[in-house]
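All values below come from the heavy atoms of this structure, side chains included, with hydrogens, waters and symmetry mates left out. Counting from 1, the numbers follow the sequence of the chain as shown.
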Amino acid sequence: TLFPYTTLFRSVTTYIEGEDDEIYISGVIQPEQYVSEGKLLRKVAKGTYKTISTVQFLDSEKNVVGTSSVVGKLTVES
């Protein structure tokens, strides 16, 4: 069973907790697809960081129909 929002387009913007600049912007994610890794917007020192991601849910015309925040973890290995 798919979660209801997997049938919507989505975009994700991620920040390292306590910082103002984005570390990752996904672009539009197609329905029923996901992102497991991506390129960071800037160099980050090796380590593990707490992240806050804002997920925007988009209709077929790419209008925002909802938002959510997700706490996560970013691990930089090199």
Next item on the list: Just jot down the side-chain hydrogen bond (donor to acceptor under 3.5 Å, both in side chains) partners of Glu19, sequence neighbours excluded, or say none.
Entry: Arg42

Item checked: Contacts of Ser11 that satisfy side-chain hydrogen bond (donor to acceptor under 3.5 Å, both in side chains) - sequence neighbours left out -> Gln56

Minimal non-hydrogen separation, [X] against [Y], with atom names:
X: Val76; Y: Tyr49; result: CG2-CE1, 4.2 Å
X: Ser53; Y: Val12; result: CB-CG1, 3.8 Å
X: Leu8; Y: Phe57; result: CD1-CB, 4.0 Å

[X] side chain near [Y] side chain, heavy-atom distance below 4.5 Å:
X: Tyr24; Y: Val35; result: yes
X: Gln30; Y: Phe9; result: yes
X: Asn63; Y: Leu58; result: no
X: Ile52; Y: Val71; result: yes

Notebook entry, point to check: To the nearest 0.5 Å, how far apart are CD1 in Ile16 and NZ in Lys73?
Noted result: 14.0 Å

Margin query: To the nearest 0.5 Å, what is the distance between CG on Asp21 and OH on Tyr15?
Written below: 8.5 Å

Next item on the list: Establish whether Ile25 and Val28 are linked, either directly or via other cluster members, by ILVMFWY side-chain heavy-atom contacts under 4.5 Å.
Entry: no

Notebook entry, point to check: Where do Leu74 and Leu40 land on the side chain to side chain contact (heavy atoms under 4.5 Å, CB included) test, with the steps shown first?
Noted result: CA-CA 10 Å; Leu74 167 69; Leu40 300 180; 4.3 Å; yes

Item checked: Sequence neighbours excluded, every pair satisfying salt bridge (charged side-chain N to carboxylate O under 4.0 Å, His left out) that has a member inside residues 46-67 -> Glu17-Lys50

Next item on the list: Show your reasoning for whether side chain to side chain contact (heavy atoms under 4.5 Å, CB included) applies to Thr67 and Val55.
Entry: CA-CA 5 Å; Thr67 60; Val55 180; over 6 Å; no

